[in-house]
Amino acid sequence: MPTRTELKIGWIGTGRMGYEMAARLATGGADVLAWNRTRSKAEPLKKHGARIADNVSELAARDIIFCMVSTWDDVKQVMKGLLEGAKKTPRMVIECSSISLEGSAELRSLLAANGIEYLAAPVSGNAKVIKAGRLSFVCSGPKRAFDDALPYLKMIAPAASYVGEAELARIVKICHNVFLGVVTQSLAEVTVLAQKAGVPRHAFLEFMNQSVMGSTFTRYKTPAFVNLDFKVTFTPYLLRKDLDLGLDAGRRFDVPLPLATATRDLVQQMMGRGWTEQDFATLLLQQAQASGIELKPENVEVMDGLS
Ligand SMILES: NC(=O)c1ccc[n+]([C@@H]2O[C@H](COP(=O)([O-])OP(=O)(O)OC[C@H]3O[C@@H](n4cnc5c(N)ncnc54)[C@H](OP(=O)(O)O)[C@@H]3O)[C@@H](O)[C@H]2O)c1
C-alpha cells in the first residue's frame with residue numbers, strides 16, 4: 001500500500017461526525033477532496049488542507065472513498081451519484097454511517113459489480129470524542145481491505161477492530177447503539193430518582209462516574225445532565241433509527257429485546273413532544289417531567305473526561 005500522502009481520498013458527508021473525521025485525515029497529511037450536499041458545511045475543511053468538490057461525481061476518480069451520511073437511503077443516493085456515468089471508479093469504499101445489515105449487503109453487491117472493494121466501518125463516539133482522539137472503528141469485509149485501509153483509519157481514530165467478513169461490523173454497531181439508548185434512559189431514571197430523594201445531580205454523578213458502573217460515556221454525558229446543556233451531539237432522530245435497526249435485527253434473529261423496545265418508545269415519546277432539535281440526552285428532561293419535577297441547571301463545573 002502506498003504511503004498516506006500517495007492515495008487520494010474522497011470524503012462524502014461532512015455533518016457532525018464526517019466533518020471532524022475528514023479534518024483529522026486532512027490535518028494528518030492525507031490528500032482529501034470532500035463533498036457535502038450542503039457545501040457551506042464542508043468549506044471550513046479548507047483550513048485543514050482539504051479541497052471541496054462541487055459535485056459528488058468529482059470524487060469517483062479518488063482511490064479511497066469514505067462515506068458518512070445518515071441512513072441507508074442516503075448512502076444509496078450518494079453512491080448512485082458517485083458511480084453514475086463515472087469513467088474511473090475508486091479502488092475502495094469505506095462506509096462509516098450506522099446502517100442496516102441488509103443495506104450494507106446491498107451496497108457490497110453494488111460495489112462488487114463495479115469492481116470496488118468495500119469495508120463496512122461504523123464508529124463509536126461523537127464529534128467531541130473524535131476531536132479528543134478517542135474514536136473507535138469496528139470493521140468488516142475482506143481482511144486485506146482492512147489491512148490496506150488501516151493507516152487511514154488510524155489517522156482518524158486510535159482504535160480500529162476487525163470483526164470478520166461481510167456485514168458483521170454492522171450488527172456490532174447496532175448492538176452498541178441499542179446499549180447507548182438503554183444506558184442513557186437508565187441513567188436518566190436513576191439520576192432523577194436520586195435527585196427527587198434529595199441528592200444534587202452533580203454529587204450523584206460524581207459518585208457514579210468513579211464507581212465500577214462509571215464509564216467514558218457516563219462521564220462525557222455528565223455536563224449535559226448536570227448543567228442541562230443539550231447542544232446536539234447525536235439527534236433523537238438518529239437514535240430512533242438505531243433502536244429501530246436493533247429491533248429489526250432482534251426480529252430477524254429471534255432475540256427478544258424488551259429494554260430496547262421500551263427505550264425506543266420513550267425516544268418516540270420525546271420526539272412527539274417536539275424535542276427533536278436538541279441532544280438525545282433530553283431523555284433526562286422527559287424522565288423529570290414524568291416524575292413531577294422540573295430540573296434547573298446546577299451551574300457546577302464538572303469534568304467530561306475528554307478534555
Ligand atoms: N453523532 C454521533 O454521535 C454519532 C456517533 C456514531 C455514529 N453516528 C452515525 O453517523 C452518521 C452521521 O451522523 P451525524 O451525527 O454526523 O449526522 P448529521 O450531523 O446529521 O450529518 C449527516 C450528514 O449526512 C448528509 N446527508 C444526509 N442525507 C443525505 C443525502 N440524502 N444526500 C447527501 N447527503 C446526505 C448531511 O448532509 P447535509 O449537511 O447537506 O444535511 C450531513 O453531511 C449517522 O449514520 C449516525 O447514526 C453518529
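Note: hydrogens, waters and symmetry copies are ignored here, and every other heavy atom, side chains too, is used. Read the numbers this way: they start at 1 and go in the same order the structure lists the ligands and their atoms. Positions are given from 1 along the sequence.
Other cluster members for Y118: I12, L33, W35, V56, L59, I65, V69, W72, V75, V78, M79, L82, L83, V93, I99, L107, L110, L111, I116, joined by side-chain heavy-atom distances under 4.5 Å among Ile, Leu, Val, Met, Phe, Trp and Tyr.
Of all the heavy atoms in S211 and M208, the pair that sits closest is OG-O, 2.7 Å.
By the 30° and 60° cut-offs, the orientation of the rings of H48 relative to Y19 is perpendicular. Taking the six-membered ring where the residue is Trp, W11 and F66 present parallel rings, their angle staying beneath 30° rather than reaching 60°.
Using a 3.5 Å distance cut-off with no hydrogens or angles, the side chains of R273 and Q269 do not pair a donor with an acceptor.
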Between ligand 1 and the protein, give all atom pairs where both partners are nitrogen or oxygen and the distance is under 3.5 Å, as lines of names plus distance to 0.1 Å.
residue  : atom   : partner : partner atom : Å
ligand 1 : 1 (N)  : T233    : O            : 2.8
ligand 1 : 16 (O) : R16     : N            : 3.3
ligand 1 : 16 (O) : M17     : N            : 2.8
ligand 1 : 19 (O) : R16     : N            : 2.9
ligand 1 : 19 (O) : R16     : NH1          : 3.0
ligand 1 : 28 (N) : D74     : OD1          : 3.3
ligand 1 : 28 (N) : D74     : OD2          : 3.4
ligand 1 : 31 (N) : R37     : NH1          : 3.4
ligand 1 : 31 (N) : D74     : OD1          : 3.0
ligand 1 : 31 (N) : Q77     : OE1          : 3.4
ligand 1 : 39 (O) : N36     : ND2          : 2.9
ligand 1 : 39 (O) : K41     : NZ           : 2.6
ligand 1 : 40 (O) : R37     : NE           : 3.0
ligand 1 : 40 (O) : T38     : N            : 3.0
ligand 1 : 40 (O) : T38     : OG1          : 2.5
ligand 1 : 41 (O) : R37     : NH2          : 2.9
ligand 1 : 43 (O) : T14     : N            : 3.4
ligand 1 : 43 (O) : G15     : N            : 3.0
ligand 1 : 43 (O) : N36     : OD1          : 2.6
ligand 1 : 45 (O) : V69     : O            : 3.3
ligand 1 : 45 (O) : S70     : O            : 2.7
ligand 1 : 45 (O) : S98     : N            : 3.0
ligand 1 : 45 (O) : K241    : NZ           : 3.3
ligand 1 : 47 (O) : K241    : NZ           : 2.8

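Between K241 and the choices S100, S98, S70, S97, the side chain to side chain contact (heavy atoms under 4.5 Å, CB included) rule is met once, by S98.
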